[in-house]
Amino acid sequence: MAAIHQAVYRRASSLFCRLHSTYVRKMRYLNELKEDNSLCRQAQTSGTFYLFHNLAPLLQQVGQKYLVPHLSAAEMKRILEKFKETEQWIEKSVLIGCSDEHIPRFALDLGALEKSVIESELKGSFTDLRKALFVVDEKDSPLLASAHSLLQWHDSHQYCSKTGQPTQKNVAGSRRVCHASGITYYPQMSPVVIILVSDGSRCLLARQPSFPQGMYTALSGFCDMGESVEETVQREVAEEVGLEVESLWYSASQHWPFPSSCLMIACHALVKAQQAEINMNSLELEAARWFGLEEIVEGLKRPPSSSKQDDGSILPWFPPKQAIARQLICEWVKQQTSQPA
């Protein structure tokens, strides 16, 4: 019997390794590219490139869909030759991932070149990232967000904060080094909590003046130095709407490139129903209110744009499906509808 169990265990272990070996190989290959400049430079000749212009990604519209073109190294060379630029431009690219077949993906910002010529040549348009993230395929959104953050980081870290001397990026763009001081700089993300507050039967959503008309979303705020996620959630809810969190739990996380590279840490928070009177901080928010289940379900059906009624009022709508705030709202709906009557 023991021999049978061991055989079953070995077969299960072998299956587990086969299922995960593609991912492991991909991660190790990416790490090699980050550490080995020669290998990464060679990968640039067989990789694909996502193009940006002053941090706006290039998109191509095909019917009602927006596609992110993946240009080959040969296509990049042809584009650069049109501008009488050398292939040294490829050195400015940053590594943002690779396919399961180990085809490396790079991002390159051509902001110094004429935008209209590139758009005409590639039959596309450079699009504001906020719009692009919500119109492209879900598999491309994370890559565009990562590329934007990494390109922006390199643009703002060209000099050493200690010596003022220029820093040099490695070929992959995973770090910059000041050779005068020996300091190595790595891209960093700022942790941000995003919180869906509930009193058990309602959820609280808010809006800032800068939001599109009618859009409501979950509360959010940056973590202060030395704070835990739990402490940040409690503080933000107290600061913004004057409520005290009784309990909270983690949901998920998402990289978000605004205002700079952020890690959105999504949580649900519960406050006491008998102490749920909102005391809004008007310096932070334009509006904050409780929503019942029926109103949330109706709001989720509306498209991501304002909906004006005959009396001039705006029906509330919520962030699109790619945003982690919507995931929190949908989780809350699911939890409400699964409760016994």
Side-chain angles (χ1 to χ4, degrees), residues 21-58 68-114 117-118 121-122 126 139-140 142-160 163 165-189 255 257 261:
S21 60
T22 298
Y23 175 78
V24 171
R25 286 200 304 268
K26 183 166 76 170
M27 291 302 104
R28 290 187 172 175
Y29 176 58
L30 282 171
N31 188 61
E32 289 176 2
L33 294 180
K34 292 175 183 178
E35 298 300 322
D36 188 328
N37 283 340
S38 297
L39 184 65
C40 190
R41 194 171 282 112
Q42 181 182 347
Q44 288 173 336
T45 64
S46 60
T48 58
F49 293 80
Y50 289 58
L51 289 191
F52 287 72
H53 194 279
N54 292 327
L55 299 179
L58 180 73
V68 183
H70 307 169
L71 277 71
S72 67
E75 289 173 306
M76 284 304 311
K77 180 179 179 181
R78 180 178 63 82
I79 293 294
L80 293 174
E81 285 176 345
K82 276 192 167 291
F83 289 92
K84 297 181 172 55
E85 298 287 347
T86 67
E87 290 182 64
Q88 289 178 336
W89 262 81
I90 302 297
E91 289 275 342
K92 298 179 181 181
S93 67
V94 294
L95 177 70
I96 57 173
C98 75
S99 68
D100 290 341
E101 295 74 33
H102 289 194
I103 299 174
R105 292 168 174 151
F106 297 90
L108 178 61
D109 196 302
L110 300 178
L113 304 182
E114 182 61 43
V117 176
I118 304 171
E121 183 70 23
L122 296 175
F126 291 102
K139 72 178 187 299
D140 284 319
L143 284 171
L144 290 185
S146 298
H148 179 279
S149 294
L150 195 53
L151 291 168
Q152 185 180 53
W153 180 81
H154 279 285
D155 185 59
S156 59
H157 287 75
Q158 296 184 34
Y159 296 92
C160 176
T163 65
Q165 295 298 308
T167 57
Q168 301 295 323
K169 84 173 187 70
N170 65 335
V171 176
S174 59
R175 59 182 176 268
R176 299 187 72 92
V177 177
C178 172
H179 295 293
S181 64
I183 297 175
T184 300
Y185 295 92
Y186 295 94
Q188 296 181 336
M189 292 194 297
H255 171 251
S261 188

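As the structure is a computational prediction, the values presented were derived from the model and not from experiment.
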What do the steps show when you test Arg25 against His102 for side-chain contact (heavy atoms from CB on, under 4.5 Å), and what is the final call? CA-CA 9 Å; Arg25 286 200 304 268; His102 289 194; 4.0 Å; yes

When rounded to the nearest 0.5 angstrom, what is the spacing between CG in Leu150 and CZ in Phe52? 10.0 Å

Can you list the steps and then say if Tyr50 with His70 is a ring-ring contact (aromatic ring centres under 6.0 Å, His included)? CA-CA 6 Å; Tyr50 289 58; His70 307 169; 4.7 Å; yes

Would you be so kind as to tabulate the donor-acceptor pairs closer than 3.5 Å made by side chains of residues 105-114, with sequence neighbours excluded?
| from | atom 1 | to | atom 2 | distance (Å) |
| --- | --- | --- | --- | --- |
| Asp109 | OD1 | Asn54 | N | 3.0 |
| Asp109 | OD1 | Gly111 | N | 2.8 |
| Asp109 | OD2 | Asn54 | N | 3.3 |
| Asp109 | OD2 | Leu55 | N | 2.8 |
| Glu114 | OE2 | Ser116 | OG | 3.3 |

Test item: Thr45 side-chain N/O and Gln42 main-chain N/O as donor-acceptor pair under 3.5 Å: yes

Give, for atom CG of Leu144 and atom CD1 of Ile96, the distance between the pair rounded to the nearest 0.5 Å. 7.5 Å

N/O donor-acceptor pairs under 3.5 Å from side chains in residues 168-175, not counting sequence neighbours:
| from | atom 1 | to | atom 2 | distance (Å) |
| --- | --- | --- | --- | --- |
| Lys169 | NZ | Glu91 | O | 3.0 |
| Lys169 | NZ | Ser93 | O | 2.9 |
| Lys169 | NZ | Val171 | O | 2.9 |
| Asn170 | OD1 | Gly173 | N | 3.0 |
| Asn170 | OD1 | Ser174 | N | 2.9 |
| Asn170 | OD1 | Arg175 | N | 3.2 |
| Asn170 | ND2 | Lys34 | O | 3.0 |
| Asn170 | ND2 | Ser174 | OG | 2.8 |

Side chain to side chain contact (heavy atoms under 4.5 Å, CB included) partners for Cys160, two or more places apart: Lys162, Thr163, Thr167, Cys178, Ser181, Ile183, Tyr185

Under the rule for salt bridge (charged side-chain N to carboxylate O under 4.0 Å, His left out), what residues qualify as partners of Lys26, not counting sequence neighbours? Asp100

Side chain proximity check, Ile90 to Leu80, heavy atoms < 4.5 angstrom: yes

Glu121, CD: over 12 other non-hydrogen atoms inside 6.0 angstrom: yes

Nearest heavy-atom contact between His255 and Ala145 is CE1-O, 3.3 Å

With sequence neighbours excluded, what pairs up with Gln158 under the side chain to side chain contact (heavy atoms under 4.5 Å, CB included) test? Asp155, Arg176

So, taking the atom named OG in Ser261 and the one named CG in Leu151, what distance separates them when rounded to the nearest 0.5 Å? 11.5 Å

With side-chain contact (heavy atoms from CB on, under 4.5 Å) as the test, would you mind laying out the steps for Lys82 and Val117 before giving the verdict? CA-CA 9 Å; Lys82 276 192 167 291; Val117 176; 5.6 Å; no

Working to the nearest 0.5 Å, report the span between CG of Leu51 and CE of Met76. 5.0 Å

To the nearest 0.5 angstrom, please state how far the CZ atom of Arg41 sits from the CG atom of Leu33. 12.5 Å

Nearest 0.5 angstrom please: Arg78 CZ to Glu75 CD, how far? 6.5 Å

At their closest point, which heavy atom of Phe126 faces which heavy atom of Ala56, and how far apart are they? CD2-O, 3.1 Å

If the condition is side chain to side chain donor-acceptor pair (under 3.5 Å), which residues does Lys77 pass it with, not counting sequence neighbours? none

